[in-house]
Protein chains: 2
Amino acid sequence: MDATDQKILNTLMADSRISQKELAARVGLSAPAVAERVRRLEEGGIIRGFTIDINPEALGYPLQAIVRVRPLPGKLHIVEQIIQEIPEFGECDKVTGEDCFVARLYVRSVSDLDNLLERIVDKAETNTSIVKAKPVERRMPPFQLS
Amino acid sequence: MDATDQKILNTLMADSRISQKELAARVGLSAPAVAERVRRLEEGGIIRGFTIDINPEALGYPLQAIVRVRPLPGKLHIVEQIIQEIPEFGECDKVTGEDCFVARLYVRSVSDLDNLLERIVDKAETNTSIVKAKPVERRMPPFQLS
DNA sequence: GATGAAAGGGACCAGCC
DNA sequence: GGCTGGTCCCTTTCATC
């Protein structure tokens with residue numbers, strides 16, 4: 001893991017579909033050399049996978065909400081299971097503190113939001129915030145040299 | 001956008017580096033047909049881009065925190081700017097409600113966490129939760145047919 | 001949307017520095 | 001590690017069904 005690997009990661013993060021030749025040119029190496037580095041980044045678990053970035057709006061989900069969830073006593077596992085079973089939850093973190101879960105919900109409308117939260121209101125307290133903007137999106141901290 | 005497109009999205013989400021031939025086989029179409037569909041999904045803005053999934057642990061950031069940020073009166077913009085300038089913030093949503101921002105912070109240690117939050121303590125109230133687990137990760141809701 | 005063909009480019013493997 | 005060159009496969013585009 002050096003500065004070249006960092007460049008490779010940044011480049012692939014922005015566009016992972018460029019050819020090895022193109023990637024090599026951008027980081028200043030030959031194609032086989034860059035291919036070998038990408039292979040090692042994958043084997044080392046630094047690159048977890050190649051994927052696509054999907055626009056939820058275009059899928060029909062123009063609204064996002066951040067939902068903090070505090071299950072009632074004894075309801076933690078059932079609440080976690082319900083969150084996993086509702087596909088509109090795009091990510092969910094189990095965290096320390098008063099809230100047990102912080103989750104992102106993709107919804108079609110505020111009434112849709114209300115309907116979905118109905119499924120946990122009797123098992124948890126929730127606190128919902130609508131996402132108005134995204135000051136930071138899809139970013140990874142730099143690898144620190146030395 | 002139909003069931004086949006949904007399959008294409010799911011397949012590419014899991015691995016965007018497979019060949020068109022392979023993708024075509026998995027969704028039950030010919031290669032040219034699948035290529036045309038992917039092209040339309042890109043042009044329609046449904047596929048926002050091809051990218052990689054990076055493991056922050058392997059980059060040297062074993063801890064994640066969810067930070068809720070409530071800027072002091074008059075400090076909203078400067079706080080937003082500081083968040084954008086700290087690379088350890090991997091994502092930040094501006095939301096409705098008491099908290100103005102909900103952000104994800106990648107850190108090397110809890111002391112690192114403390115150091116980073118020092119840069120906004122005089123400009124905002126913060127509430128930080130350490131991520132203990134990820135019950136749901138990187139998931140997109142299904143496109144609803146009809 | 002499928003098929004088949006042709007041209008161009010990329011990935012992969014040697015062999016070598 | 002990295003470079004160069006050669007081979008094979010894939011991608012892309014076209015015409016046709």
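Throughout, protein chains are lettered first and strands after them, A, B, ... in sequence-line order, and every chain is numbered starting at 1. None of these values were measured; they are calculated from a predicted model.
At the heavy-atom level, A/Arg40 lies under 4.0 Å from the strands shown only through sugar-phosphate atoms.
Between the P atom of D/dT11 and the CD1 atom of A/Ile18 lies a distance of 17 Å, rounded to the nearest Å. With rounding to whole Å, B/Glu22 atom CD is found 16 Å from D/dC9 atom P. Between B/Glu36 atom CD and C/dG1 atom P the separation is 8 Å, expressed in whole Å. Rounded to whole Å, atom C1' of C/dA11 lies 14 Å from atom CZ of A/Arg39. When rounded to the nearest whole Å, the span between CZ of A/Arg17 and P of C/dG10 equals 13 Å.
Contact of the B/Ile83 side chain with the B/Glu80 side chain is not registered, since no non-hydrogen atoms from C-beta on lie closer than 4.5 Å. Residues A/Val102 and A/Cys92 have side chains not in contact (no heavy-atom distance under 4.5 Å, counting atoms from C-beta outward).
Regarding contacts with the backbone of D/dT11, a side-chain N or O of B/Ser19 is found under 4.0 angstrom from either OP1 or OP2. Applying the 4.0 Å criterion to OP1 and OP2 of C/dG1, one finds that B/Arg37 has a side-chain N or O inside that range. Note on B/Gln20: every side-chain N or O is 4.0 Å or more away from OP1 and OP2 of D/dC10.
The residues B/Glu91 and A/Arg139 are annotated as not salt-bridged, no charged nitrogen and carboxylate oxygen being separated by less than 4.0 angstrom.
Between the side chains of A/Ser129 and A/Arg68, no donor-acceptor pair of N or O atoms lies under 3.5 Å.
In this structure, of C/dT3, D/dC10, C/dC13, it is D/dC10 that holds the atom nearest to the side chain of B/Lys21.
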